[in-house]
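Here is the structure we will look at.
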Amino acid sequence: MLRMSTLLLRTLRDDPADAEVASHRLLVRAGYVRRVAAGIYAWLPLGYITLRNIERIIREEMDAAGFQEVHFPALLPREPYEKTDRWTVYGPDLFRLKDRRGNDYLLGPTHEEMFTLMVKGEYSSYKDLPLSIYQIQNKFRDETRPRSGIIRGREFVMKDSYSFDLDDEGLAISYEKHRNAYIKTFNRLGMKYNIVSAMAGAMGGSRSEEFLAPCPTGEDTYVLCESCGYAANVEAMVTKVAEFTGGSAPAMEVFDSPNTPTIDSLVELLNETFGGNYQASDTLKNVLLMADDEAISVLVPGDREVDLKRLQANLPGVTDLRLFEDADFEKRPGLVKGYVGPQDAKALGLTLYADPRVVIGSSWVTGANARDKHVRFVTHGRDFTIDSFIEAAEVKAGDLCPVCATPVVIDRAIEIGHIFQLGRKYAQALDLTVLDKDGKPRVVTMGSYGIGVSRAVAAIAEQTHDEIGLSWPREVAPADVHIVATGKEDLPFNEAEKLSLELEKLGLRVMLDDRRDASPGVKFKDAELIGIPYIVIVGKALAEGKIELRVRKSGEKEEVELSNAVAEIYSAITSN
RNA sequence: CGGGGCGUAGCGUAGUGGCUAGCGCGCCUGCUUUGGGAGCAGGAGACCGGGAGUUCGAAUCUCCCCGCCCCGACCA
């Protein structure tokens, strides 16, 4: 039983000044967590109980799916990460340290290497596969900008699983098992979520999905088709392109266009000069970037921006991507800022990528690669050719679903889980092979599956809180019922105590507010802030032999005969 | 890393060169109070983020450093 009189808990009346998002504010105010350093938090008893509840639910679902739990150190040697290149690729996000002999160590940001090596050390036959193992461990990433309290920290708790299979079919099955286990887990956690297509990213692999908890403070943006259910991270959104049906355009025609460095000014000039009804979407924007050491141009319709995240996600080999700066223009005199066109790209040494809307045969108004000059009727396939289409244009609400062509909606969310088919990258790098039926060594294929455990605490808080405090789903809450004794006599305290003990006997988790010195108002406010799903008040109504039962989420109140209290409370709590 | 903001007691804050750094919450003692963050009285708690400087005098001005928050970039 949790007793408020002795619990290490001090609720705060005011919002902490450094907290912006609801989960952060409330978890601090309600005494669940305290900040230790930027992006690093300590868990007080209530918070730690909540965190462990989530761990327990995850563990139960992982075990039920037949996955085995292991545990690795957080402190890891350099060598394995050297072999997979991540010692360098991970860059400054990796916490590195040296031991007294000067050897390099790191604090694990994720543990692919360790899992791979563990399997390599123990298994060597195809008969041992498939295998899925997982751990729940603190992870460390020296984020450039930790933010939103618990949502994005530098030290955080993650559940990560890895599957090991001989072939792609096996991997697909393991992936599906994890996917189902995740669905069960997040359902039990009482979360709203969407499963969306994601980019496998630089890790390679064929299939990748994210579990996103919709929430306005989320960092991820995704699209959802309410008609067919298609859902994708914006990075992975596929553009729906109408087939090109227009006729052939007249020959290219250069025209003077002084002082039109922006699309708006260009459209204005077009309509003044040529009449007609030109729109931003009739122009072709040439966005120049440096992709590592290569100059690239991304062609998008004039009414779209380039989304750098999407572009980066679709240029997996590129590590350093940035927009052209003045110095880059100076180095390439053929490129005139504001007047770039794709016609001479080859001569100018540009690699050309185009948004899928720039279909072959379509013609555009674009820059003439000369100051104060644009050109009309520039036709894809006739006047320029591209190196490749690319999904890099910003996604807007109302864009068409690639599956059923219905306008999609856009929403923000917190990423709470990510599953993907890793493939053989790590197994290859660390030489994890097993002998197949023919006695030949084969490289194992892997899947990787993560759940942000501490982040889930915050995500649930974000989704379930209200103006007055937290409001947990029962399985996650630090207790099932919060019993408050009020009054100055001993009677309510004694009755509350008895009630608590009896409810505990029935297997309920009870928090008892047995503080003698706190006023009723303080106790009620605290109960609402802390967010245990049921609140029982033993006080004034005792005079009529009654207690009061409240539902935190709905605010419903009900008076219950003391004689029936145990049964009624028990059935209210366990009935849903 | 770029832009913006902040740093005064456990928390929230006032204080633009002048007296002993003020207030609310919380904490301690006593009395009163007990169904919506109670009242009265008394009390503890701050090297004003750190360092250097300017000045008769610095929380306050200057410089450097550190830390933190927000937006962006980045992020298995």
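So you know, we letter chains A, B, ... as the sequences are listed, proteins then strands, and number each from 1.
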How would you label the contact of [X] with the nucleic acid (heavy atoms, under 4.0 Å): base, sugar-phosphate, or nothing?
| X | value |
| --- | --- |
| A:E528 | base |
| A:E548 | base |
| A:T486 | base |
| A:R35 | sugar-phosphate |
| A:K309 | base |
| A:A19 | nothing |
| A:R322 | nothing |
| A:S148 | sugar-phosphate |
| A:D160 | nothing |

Answer yes when [X] and [Y] have at least one side-chain N-carboxylate O distance shorter than 4.0 Å, and no when they do not.
| X | Y | value |
| --- | --- | --- |
| A:E69 | A:R59 | yes |
| A:D490 | A:R516 | yes |
| A:R550 | A:E548 | yes |
| A:D307 | A:K309 | no |
| A:E209 | A:R207 | yes |
| A:R141 | A:E155 | no |
| A:R35 | A:D18 | yes |

As a test of reading the structure: which of [options] is closest to the side chain of [X], going by heavy atoms?
| X | options | answer |
| --- | --- | --- |
| A:A17 | B:rG12, B:rA38, B:rG36 | B:rG12 |
| A:R147 | B:rC68, B:rG35, B:rC74 | B:rC74 |
| A:K557 | B:rG36, B:rG24, B:rC68 | B:rG36 |
| A:F524 | B:rG35, B:rU34, B:rC69 | B:rG35 |
| A:L12 | B:rC27, B:rC11, B:rA38 | B:rC11 |

Verdict with supporting geometry, A:Y193 and A:F186, ring pair (Phe, Tyr, Trp, His ring centres under 6.0 Å):
CA-CA 8 Å; A:Y193 63 93; A:F186 290 123; 5.8 Å; yes
Rounded [atom1] spacing from [N] to [M] in Å:
| N | M | atom1 | value |
| --- | --- | --- | --- |
| B:rC47 | B:rU8 | P | 11 Å |
| B:rG36 | B:rC6 | P | 40 Å |
| B:rU60 | B:rG18 | P | 11 Å |
| B:rG7 | B:rA44 | C1' | 25 Å |
| B:rG35 | B:rG50 | P | 46 Å |
| B:rG26 | B:rG67 | P | 34 Å |
| B:rU54 | B:rU62 | C1' | 7 Å |
| B:rA59 | B:rA9 | C1' | 14 Å |

To the nearest Å, give me how far apart [atom1] ([X]) and [atom2] ([N]) are.
| X | N | atom1 | atom2 | result |
| --- | --- | --- | --- | --- |
| A:L323 | B:rC74 | CG | P | 10 Å |
| A:D142 | B:rC1 | CG | C1' | 13 Å |
| A:L27 | B:rC11 | CG | P | 18 Å |
| A:K488 | B:rC31 | NZ | C1' | 13 Å |
| A:L94 | B:rC74 | CG | C1' | 15 Å |
| A:E143 | B:rC71 | CD | P | 14 Å |
| A:D18 | B:rG12 | CG | P | 7 Å |
| A:L529 | B:rC25 | CG | P | 18 Å |

5'-most by nearest nucleotide on RNA chain B - A:P109 or A:R154:
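By nearest-heavy-atom nucleotide position, the 5'-most residue is A:R154.
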More 5' along RNA chain B: A:L308 or A:D15, using each one's nearest nucleotide?
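Nearer the 5' end of the strand: A:D15.
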OP1 or OP2 of [N] less than 4.0 angstrom from a side-chain nitrogen or oxygen of [X], does that happen here?
| X | N | answer |
| --- | --- | --- |
| A:R145 | B:rC71 | yes |
| A:K540 | B:rG35 | no |
| A:S519 | B:rA38 | yes |

Scan for salt bridge (charged side-chain N to carboxylate O under 4.0 Å, His left out) pairs involving residues 460-471 of chain A, sequence neighbours excluded, and state none if there are none.
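Pairs touching residues 460-471 of chain A that pass the test: A:D466-A:R552.
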Tell me, what's RNA chain B's dot-bracket, Watson-Crick or G-U with both distances under 3.5 Å, | for other-strand, [ ] crossing?
((((((((.[[[[.)..(...]]]].((((((.....)))))).....[[[[[..)....]]]]])))))))....
Could you tell me whether A:K337 atom NZ has more than 12 heavy atoms of other residues or ligands within 6.0 Å of it?
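Not more than 12 within 6.0 Å, no.
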